[in-house]
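See below for the structure under consideration.
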Amino acid sequence: MRETNEIRDKVVLVGLNSPVLKREETASEETLDELSALVETAGGETVGIVLQNRPSPDPRTFIGEGKAAEVKLYCENTDATMVIFDNDLSPSQLRVLTEALGVQVLDRCGLILDIFAQRARTREGRLQVELAQYQYLLPRLTGMWTHLERQAGTSGSGPIGSKGPGETQLETDRRHIHRKIDKLREDLEDVRRVRNTQRRQRRKNEVPVVALVGYTNAGKSTLLNQLTGAGIPANNRLFDTLDTTSRLLSVSDTMDVVVSDTVGFIRKLPHQLVEAFKATLEELEYADLLLHVIDVSSPEWQVQAQVVENLIAELGAGELPRIDVFNKSDCLPAGEIMPHGEDICSISAKTGQGVDKLLGMISRRLDKGTRRVVLHLPYDQGGLLDALYREAKVETVDYGETIDVTAVCGPRILGRVQAFIAP
């Protein structure tokens, strides 16, 4: 989908704060501000915000009949074309509210899926989004379209060729979506196989993997650009990166690493997206080091960091070595105390401040005895040169009385060539 500056919809945001809802399910001023930023990312404009406090959600309209009437009036006064809830709504609540308010109604999950559908560029990203959309759609079929209740031509009174199998249109559509989901999962398994092949090759070459993780808009793409000159578009908006980007980085003169940027996390991330994006996020499980990028200029940074911690644990990467990278430190007021510790680094990915210190920390955490050596290989040991090309970083080769090789070697290949290392 091409990007445009045109306003797609004028949106009224609605949230319910209730003591019976879990903390991650309830709405607050902070989560509604974040929802407003998501609307902007999707190309909409927020024209009003309604935060309702209730002892418990209303089963039919979620916010209660009176508040629903108030929201309808709000929409009419602001010419709003859409209402988006900060909470998850049931299929029947979506249908009832759409009828009652007279405009399209979405919940937070539906909005995030729409943004992902706009932003995904690679085939893998699109497959993942499509899978998540179908998983979101499946339980909502009945509530969204009443025509799906009809029988598919069992009476015999319809036109020739219309006699159906005797099942409802709903059941037919359900089977069709299940088939689509199965096909998408197969395609994503193919993607995983390709990733595994690439990963095995990196392991063989002893190239460590550093994965950037963090809350959406924390500055991961800006940091990757600063480290590697990747040239990835880095804009100040949520979910600007959906497709994983990997680049080779020379951390020191004896160490190269692969740095992978990943999709940003967010609170209330739809469960369908956590599942669908595992093909991308499984890179975390196989990383040698995580860089948790935190936007320290955000007043919500502690909450955001906890959201990321929880999702890292859910993805099985909670025990991996990690450096907490406090980004945007240049945006803090002068004199404000930054978090500090052995595995904490304060930087500005935009200006480059603190990046040298971060490179030094990465080098120390990943140092596994890699050395630059000069080798004098006898000609009858030429097979070792092939091994060096496969398993080390060969810098120079000169042919004289011996094959003189300068190479950066890991411990495994060092053990094989120990006898030929120049003193």
Side-chain angles (χ1 to χ4, degrees), residues 207-232 234 236 240-241 244-266 281 283-313 315 317-370:
V207 180
V209 175
V210 176
L212 299 176
V213 298
Y215 208 76
T216 183
N217 206 32
K220 297 182 296 301
S221 296
T222 304
L223 179 56
L224 184 65
N225 288 342
Q226 181 68 245
L227 291 172
T228 68
I232 300 166
N236 184 27
D240 202 52
T241 301
T244 299
T245 304
S246 297
R247 293 289 186 274
L248 193 66
L249 167 66
S250 294
V251 176
S252 66
D253 59 354
T254 60
M255 183 185 294
D256 288 339
V257 300
V258 171
V259 184
S260 289
D261 192 10
T262 61
V263 62
F265 297 167
I266 195 168
L281 294 174
E283 195 78 15
L284 303 187
E285 295 181 56
Y286 299 95
D288 298 280
L289 178 67
L290 299 183
L291 299 186
H292 179 183
V293 184
I294 300 166
D295 176 5
V296 76
S297 70
S298 169
E300 290 274 291
W301 72 262
Q302 289 168 305
V303 175
Q304 295 173 356
Q306 191 58 52
V307 169
V308 176
E309 296 280 351
N310 294 343
L311 282 167
I312 287 173
L315 291 163
E319 302 302 316
L320 288 175
R322 182 162 78 243
I323 297 174
D324 289 335
V325 181
F326 286 88
N327 188 28
K328 306 187 187 181
S329 57
D330 56 317
C331 298
L332 290 178
E336 184 157 339
I337 298 174
M338 290 287 294
H340 59 279
E342 183 181 349
D343 295 320
I344 292 175
C345 185
S346 298
I347 68 161
S348 168
K350 187 176 180 180
T351 67
Q353 170 194 332
V355 169
D356 287 342
K357 179 186 175 186
L358 177 61
L359 288 172
M361 293 175 72
I362 293 171
S363 180
R364 287 192 295 275
R365 291 301 298 265
L366 296 178
D367 183 17
K368 296 177 181 176
T370 302

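The analysis underlying the following values was restricted to heavy atoms, covering all of them including side chains, and did not include hydrogens, waters or symmetry mates.
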Side-chain ion pair, [X] and [Y], N-O less than 4.0 Å:
X    : Y    : answer
K328 : D330 : no
D261 : K220 : no
R365 : D288 : no

Quick check for you: to the nearest 0.5 Å, what is the distance between [X] atom [atom1] and [Y] atom [atom2]?
X    : Y    : atom1 : atom2 : answer
L224 : L249 : CG    : CG    : 8.5 Å
L212 : L227 : CG    : CG    : 7.0 Å
R247 : N225 : CZ    : CG    : 9.0 Å
C345 : D324 : SG    : CG    : 10.5 Å
I294 : S329 : CD1   : OG    : 12.5 Å

Can you give me the closest heavy-atom contact between [X] and [Y], atom names plus distance?
X    : Y    : result
G219 : A349 : O-CB, 4.3 Å
S298 : Q304 : OG-NE2, 3.4 Å
H292 : G214 : CD2-CA, 4.0 Å

Would you mind reporting whether [Y] and [X] have side-chain heavy atoms less than 4.5 Å apart?
X    : Y    : answer
V210 : V258 : no
L223 : I347 : yes
D343 : R322 : no
V293 : V213 : no
L366 : V257 : yes
L289 : I323 : yes

Main-chain N/O of D295 paired with N327 side-chain donor or acceptor, under 3.5 Å: no
Looking at S363 and L359, would you say the former's side chain and the latter's main chain have a donor-acceptor pair under 3.5 Å? no
Sort and list the pairs that fulfil salt bridge (charged side-chain N to carboxylate O under 4.0 Å, His left out) and have at least one residue in residues 344-355, not counting sequence neighbours. none
F265: which of N310, V308, T216 passes side chain to side chain contact (heavy atoms under 4.5 Å, CB included): V308
Show your reasoning for whether ring-ring contact (aromatic ring centres under 6.0 Å, His included) applies to W301 and Y215. CA-CA 9 Å; W301 72 262; Y215 208 76; over 10 Å; no
